[in-house]
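Both ligands and their constituent atoms are indexed starting at 1 by order of listing. Numbers for residues simply follow the sequence, beginning at 1. This one's a predicted model, so the numbers in the text were calculated from it and none came from an experiment.
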Amino acid sequence: MENELTDLQKRVLELKKERNALILAHNYQTMDIQEVADFVGDSLELARKSAEVEGYDLVIFAGVKFMAEMAAVLSKDIPVYIPAPKALCPLAAFVDSEKVLEMKKQHPDTPVIVYVNTTADTKSESDMLCTSGNAPEIVESLGVDKVLFGPDSNLAEYVRRRTGIEIIDIEPRGHCYVHNQFDIAQIELLREEHPDAVVIAHPECPPEVQDAADMVGSTSMMARTVANSPKKKFIIATEMGLVHQMQKRNPEKIVIPAYEGAVCRQMKKNTLEKILYILEDLPEDHLVTVPEHMVAHVRKILEQMNKAPSTVEVLVAKTS
Ligand code: 13P
Ligand code: SF4
């Protein structure tokens with residue numbers, strides 16, 4: 001993991017200290033960003049970290065906009081900056097607040113659970129939130145036999161199969177363009193070539209790919225499985241940023257991407273140069289805000305989500 005830092009990375013670290021800034025980064029960020037971040041994790045871990053930023057003067061969130069919005073809501077008075085304000089997750093665009101309201105009308109008394117990959121506006125009309133790291137637990141915790149769920153239909157299927165609860169898709173076409181590219185033929189070919197490898201997939205992958213995997217979980221669960229498993233070889237069905245992280249952190253293991261084209265262009269809009277620019281200039285147009293009237297409800301459901309149990313232990317146990 002140890003390697004010589006570049007001049008740019010050194011400058012970012014110097015200024016980060018001077019500004020008393022905290023850098024949070026998602027697992028899909030490029031390695032040069034991950035190496036200067038104070039914390040790298042999945043959406044759930046980043047939401048939990050965002051609620052513990054007291055003592056810092058500012059937060060820089062290297063991820064997509066909905067993640068930085070969660071941080072802005074949870075960090076209260078501490079300003080949150082995003083290096084690339086236009087880093088929008090296309091999955092989030094499948095469901096807006098109007099769609100949630102329309103579905104609520106059609107299914108009265110059915111709770112609405114949305115994936116964190118949604119705008120603050122969509123969250124503000126929803127009853128509960130989940131991430132890929134806790135979706136089945138959150139749905140089960142409601143103690144109901146039917147829920148409205150969105151926007152990712154593959155994650156919905158993952159929850160349906162694990163809980164047996166009726167899951168009504170808010171938008172059946174909702175998908176992540178990066179994870180929808182993985183297909184069963186690729187996985188089967190790679191399994192033939194590497195029969196000793198463990199296949200790990202993200203729940204945003206299509207259901208057939210989830211079925212073909214030995215383990216399905218959030219990005220950090222995938223990372224922990226590679227780090228903790230006694231196995232040596234892994235086939236990974238998720239975005240390439242995490243594949244690079246796994247290989248760097250576990251040089252003694254062989255990490256094979258299920259598809260090298262799995263690159264989230266939105267996540268990659270963040271760059272180290274943009275992080276330096278924020279530290280130098282504190283540009284107002286990189287400040288992340290959520291409309292005042294939405295903040296209280298979104299904070300309430302984020303805090304509820306952060307307290308709920310996650311799937312980590314279960315999945316690590318399954319693969320060891
Ligand atoms: P994780 O919460 O598993 O990190 O996933 C976030 C995401 O955007 C996956 O595409
Ligand atoms: Fe959105 Fe998919 Fe990118 Fe994750 S990988 S941020 S779900 S587009």
task = Enumerate the atoms of ligand 1 whose separation from the nearest heavy atom of Ser218 is less than 4.0 angstrom.
result = 3 (O)

inquiry  = Out of all atoms in ligand 1, which are within 4.0 Å of some heavy atom of His179? Include the element for each.
reply    = 10 (O)

query = Below 4.0 Å from any atom of ligand 1, is there a heavy atom belonging to Asn117?
reply = yes

key: Interfacing atoms of ligand 1 (cut-off 4.0 Å, heavy-atom, Ser43)   = 1 (P), 2 (O), 4 (O), 5 (O), 6 (C)

ask   = When rounded to the nearest 0.5 angstrom, what is the spacing between OG1 in Thr238 and CD in Glu204?
value = 7.0 Å

ask   = Under 4.0 Å between a Lys/Arg side-chain N and an Asp/Glu carboxylate O for Asp214 and Arg191?
value = yes

remark   = Within 4.0 Å of some non-hydrogen atom of Asn117, the atoms of ligand 2 are 7 (S)

inquiry  = Below 4.0 Å from ligand 1: does a non-hydrogen atom of His202 turn up there or not?
reply    = yes

task = Please report the shortest heavy-atom distance between Asn117 and Cys89, naming the atom on each side.
result = ND2-SG, 3.8 Å

message = I'd like the name of whichever of Glu204, Met267, Met222, Glu239 reaches closest to atom 7 (C) of ligand 1 through any heavy atom.
response = Glu204

inquiry  = Determine whether a donor-acceptor pair (N or O, by modelled atom type, separation under 3.5 Å) exists between the side chain of His286 and the backbone of Ile82.
reply    = yes

ask   = Does any N or O in the side chain of Gln29 come within less than 3.5 Å of the main-chain N or O of Met267, such that one atom is a donor and the other an acceptor?
value = yes

query = Picking from Gln210, Arg161, His202, what satisfies side-chain contact (heavy atoms from CB on, under 4.5 Å) with Val216?
reply = Gln210

ask   = Would Cys264 count as a contact for atom 1 (Fe) of ligand 2, in the sense that one of its N, O or S atoms lies under 2.8 Å from it?
value = no

note = Scanning both residues in full, the closest heavy-atom pair of Val209 with Ala237 reads CG1-CB, 4.5 Å

key: Close-contact set for ligand 2 against Tyr28 heavy atoms, below 4.0 Å   = 5 (S)

task = Identify, for atom 1 (Fe) of ligand 2, the protein heavy atom at the shortest distance, and state residue, atom and that distance.
result = Cys89 SG, 2.4 Å

ask   = Purely on distance, is any nitrogen or oxygen of Thr131 under 3.5 Å from one on ligand 1?
value = no

request  = Examine distances only and state if a side-chain atom of Glu125 and a backbone atom of Ser97 form a donor-acceptor pair shorter than 3.5 Å.
outcome  = no

ask   = Among all protein non-hydrogen atoms, which one is nearest to atom 3 (O) of ligand 1, and what is the separation to 0.1 Å?
value = Ser132 OG, 2.6 Å

message = Using a 4.0 Å cut-off to any heavy atom of Asp42, which atoms of ligand 1 qualify?
response = 1 (P), 2 (O), 4 (O)

task = Please state whether the separation between atom 2 (Fe) of ligand 2 and some N/O/S atom of Cys176 is under 2.8 Å?
result = yes

ask   = Does Gly63 offer a backbone N or O that forms a donor-acceptor pair with the side chain of Asn270 under 3.5 Å?
value = yes

note = Per ring pair (Phe, Tyr, Trp, His ring centres under 6.0 Å), His175 is matched among Phe182, Tyr115, Phe94 by Phe94

query = Any sub-3.5 Å donor-acceptor pair from Asp281's side-chain atoms to Ile278's backbone N or O?
reply = no

request  = Give the atoms of ligand 2, by number and element, whose distance to some non-hydrogen atom of Pro90 is under 4.0 Å.
outcome  = 8 (S)

Heavy atom of Met221, distance to ligand 1 below 4.0 Å = no

task = Measure the distances from the heavy atoms of Glu204 to every atom of ligand 2 and state whether one is below 4.0 angstrom.
result = yes

